[in-house]
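Everything on this sheet refers to the single structure shown next.
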Amino acid sequence: MTQDPAIAASSHPYDALTPDMILDAMEDAGFAVSGRLFALNSYENRVYQVGLDESPPVITKFYRPGRWTEAEIREEHDFSLELLQADIPVVAPMQLDSGDTLGRHGDFLFAVFQQHGGQAPDTSVADTLYRLGQWLGQIHNIGALRPFTHRPGIALLDGIETSNRLLVEGGWIPTDLRPAWDSLIPDLQTLCAARIDEAGPIDTLRLHGDCHAGNILCREEQMLFVDLDDCRSGPAIQDMWLLLNGDDLERGSQLGELLEGYEMFRDFNRRERHLIEPLRCYRQIAHSAWLAKRWDDPAFPRFFPWFGQPRFWSDQILSLREQLSALQSPAITVPGQY
């Protein structure tokens, strides 16, 4: 089939992912598509609800070209299936007609998932946190059985340095704000390093990697973990701290509820509490770098129009100054424990 000249001249790979291409990929994978296609909110990948002739709709994810290697994506799939086989409630990729869970169509790799409904858990409820902790303990038991071979780990200090370099060298930070930014980053790096030292030796394991409430569905008292696209190696606390909200006292109490459930299945090194603020700092700077790296994707200027504006960077500096203060404060404590 001859490629459309307009697509051939496209400035971004996703411009070639037309509705016809998506439906052709699904048909080639063995699905009787009805022609109904609905784009879902996803920025890193392209995710669609695909209608089928005589079955409920399914969800297909077309991976961003160049982000993960095929081997890295296969490790995501293998980990998901390993969790599912252990009766842990995760959404794992479906087997295609080829017998594989990973499809290829043109330059795109894709996977298909059953559609599930639900809403994010209310993490202000103690019992919800307790149950989440139970599942996380079981997820981490599986995650600790073997390491990832291809997926990356969380390198906090190197990650902050790499993200900062991308932002600075790319000219993303307004000139008049550079002195404030340039004086702030080294202080953050120094304090993050001190917190990491306080944590001491930390075991790493395979993680969900992006375990916030939006990646957990609750329906009729059932919980379901979704979107392991960011699974990687790291400390156990990475799958917990994004579930904590509020001031230090509230977050300490919430962590206590998580750990009460978690430690029914797995021990937890409480010194990992010292990593929460470095992880938060890493995530904040990495998020800005992620937006900068993706700015050539037409979806990003459309959905993140505020990025690159001076107001955004002044707010970032204020937020990172708050982060500097948090890094200077003691780590959150769990009630009744150190």
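Numbers for residues simply follow the sequence, beginning at 1. Given the structure is predicted, the values throughout are model-derived calculations rather than measurements.
Side-chain contact check for Gln316 and Ser288: at least one donor-acceptor pair (N or O, by modelled atom type) lies under 3.5 Å. With 3.5 Å as the limit, one finds no donor-acceptor pair spanning the side chains of Gln323 and Gln284. Side-chain contact of Asp100 with Ser98: a donor-acceptor pair under 3.5 Å is absent, judged by distance alone.
Heavy-atom contacts from other residues, nucleotides or ligands closer than 6.0 Å to CD of Glu198 number more than 12. Counting non-hydrogen atoms of other residues, nucleotides and ligands closer than 6.0 Å to CG of Asp267 gives a total of 12 or fewer. When the shell of 6.0 Å around CG of Asp247 is examined, it contains more than 12 heavy atoms from other residues, nucleotides or ligands. Dense packing is recorded around CZ of Phe304, with more than 12 heavy atoms of other residues, nucleotides or ligands lying under 6.0 Å away. By the neighbour-count criterion of 12 heavy atoms within 6.0 Å, atom CZ of Arg219 is sparsely surrounded, having that number or fewer from other residues, nucleotides or ligands. Other residues, nucleotides and ligands contribute more than 12 heavy atoms inside 6.0 Å of the CD atom of Glu250. No more than 12 heavy-atom neighbours from other residues, nucleotides or ligands sit within 6.0 angstrom of CG on Asp203.
Salt bridge absent: Asp78 and Arg74 never bring a charged side-chain N and a carboxylate O closer than 4.0 Å. A salt bridge is absent between Glu44 and Lys61: the closest approach of a Lys/Arg side-chain nitrogen to an acidic carboxylate oxygen does not fall below 4.0 angstrom. Remark: Asp210 engages Arg283 in a salt bridge, criterion side-chain N to carboxylate O under 4.0 Å. Looking at Glu75 and Arg206, no side-chain N of the basic residue comes within less than 4.0 Å of a carboxylate O on the acidic one, giving no salt bridge. The existence of a salt bridge linking Arg67 and Asp230 is confirmed by a sub-4.0 Å separation between a basic side-chain nitrogen and an acidic carboxylate oxygen.
Distance alone, capped at 3.5 Å, is enough to place a donor-acceptor pair between the Arg46 side chain and the Tyr43 backbone. A side-chain donor-acceptor contact under 3.5 Å links Thr190 to the backbone of Pro186. Without hydrogens or angle criteria, His208 side chain to Val226 main chain gives a donor-acceptor distance under 3.5 Å. Side chain of Gln115 to main chain of Pro56: no donor-acceptor pair is present (N/O by atom type, distance under 3.5 Å, no hydrogens or angles).
Aromatic ring centroids of Tyr262 and His140 lie under 6.0 Å apart. The aromatic ring centres of Phe307 and Trp313 sit less than 6.0 Å apart. Ring centroid separation for the pair Trp306 and Phe312 comes in under the 6.0 Å cut-off. Between Phe108 and Tyr63, the distance separating the two ring centers is not shorter than 6.0 angstrom.
Linking Ile, Leu, Val, Met, Phe, Trp and Tyr whenever their side-chain heavy atoms come within less than 4.5 Å leaves Leu40 and Val50 in two separate clusters. By the rule that hydrophobic residues join a cluster once side-chain heavy atoms approach within less than 4.5 Å of another member, Leu327 and Ile202 end up as members of one cluster. By the rule that hydrophobic residues join a cluster once side-chain heavy atoms approach within less than 4.5 Å of another member, Trp172 and Leu320 end up as members of one cluster. When hydrophobic clusters are built by joining Ile, Leu, Val, Met, Phe, Trp and Tyr residues whose side-chain heavy atoms come closer than 4.5 Å, directly or via intermediates, Leu318 is not grouped with Leu188.
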(request) For ring-ring contact (aromatic ring centres under 6.0 Å, His included), just list the numbers for Tyr48 and Phe38, CA-CA rounded to whole Å, side-chain angles, deciding distance to a tenth of an Å, and then say yes or no. (result) CA-CA 5 Å; Tyr48 303 87; Phe38 182 70; 9.3 Å; no
(message) With side chain to side chain donor-acceptor pair (under 3.5 Å) as the criterion, how do Asp122 and Ser124 come out once you've worked through the C-alpha distance, each side chain's angles and the decisive distance to 0.1 Å?
(response) CA-CA 5 Å; Asp122 183 354; Ser124 68; 2.5 Å; yes
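Taking both residues in full, the closest heavy atoms of Ile160 and Cys281 are given as CD1-SG, 4.2 Å, listed atom of the first, atom of the second, then distance. For the residue pair Asn141 and Leu145, the shortest heavy atom distance occurs at O-CG, 3.4 Å. The two atoms that bring Leu177 and Pro310 nearest to each other are CD1-O, 3.9 Å, heavy atoms only. Between Val334 and Leu259 the shortest heavy-atom distance is CG2-CD1, 4.2 Å.
Rounded to the nearest 0.5 Å, atoms CG (Leu255) and OG1 (Thr333) are 9.5 Å apart. Taking CG of Leu228 as the reference point, atom CZ of Arg151 lies at 8.5 Å (rounded to 0.5 Å). Distance CG/Asn164 to CD/Glu169: 9.0 Å, rounded to 0.5 Å. In this structure, CG in Asn45 is found 8.0 Å from CD1 in Ile73, a value given to the nearest 0.5 Å. For the atom pair Phe79 CZ and Ile142 CD1, the distance stands at 8.0 Å (nearest 0.5 Å). To the nearest 0.5 Å, atom OG of residue Ser253 and atom CZ of residue Arg251 are 12.0 Å apart.
A cation-pi arrangement is absent between Arg232 and Phe148 under the rule of less than 6.0 angstrom and at most 45 degrees off the ring axis.
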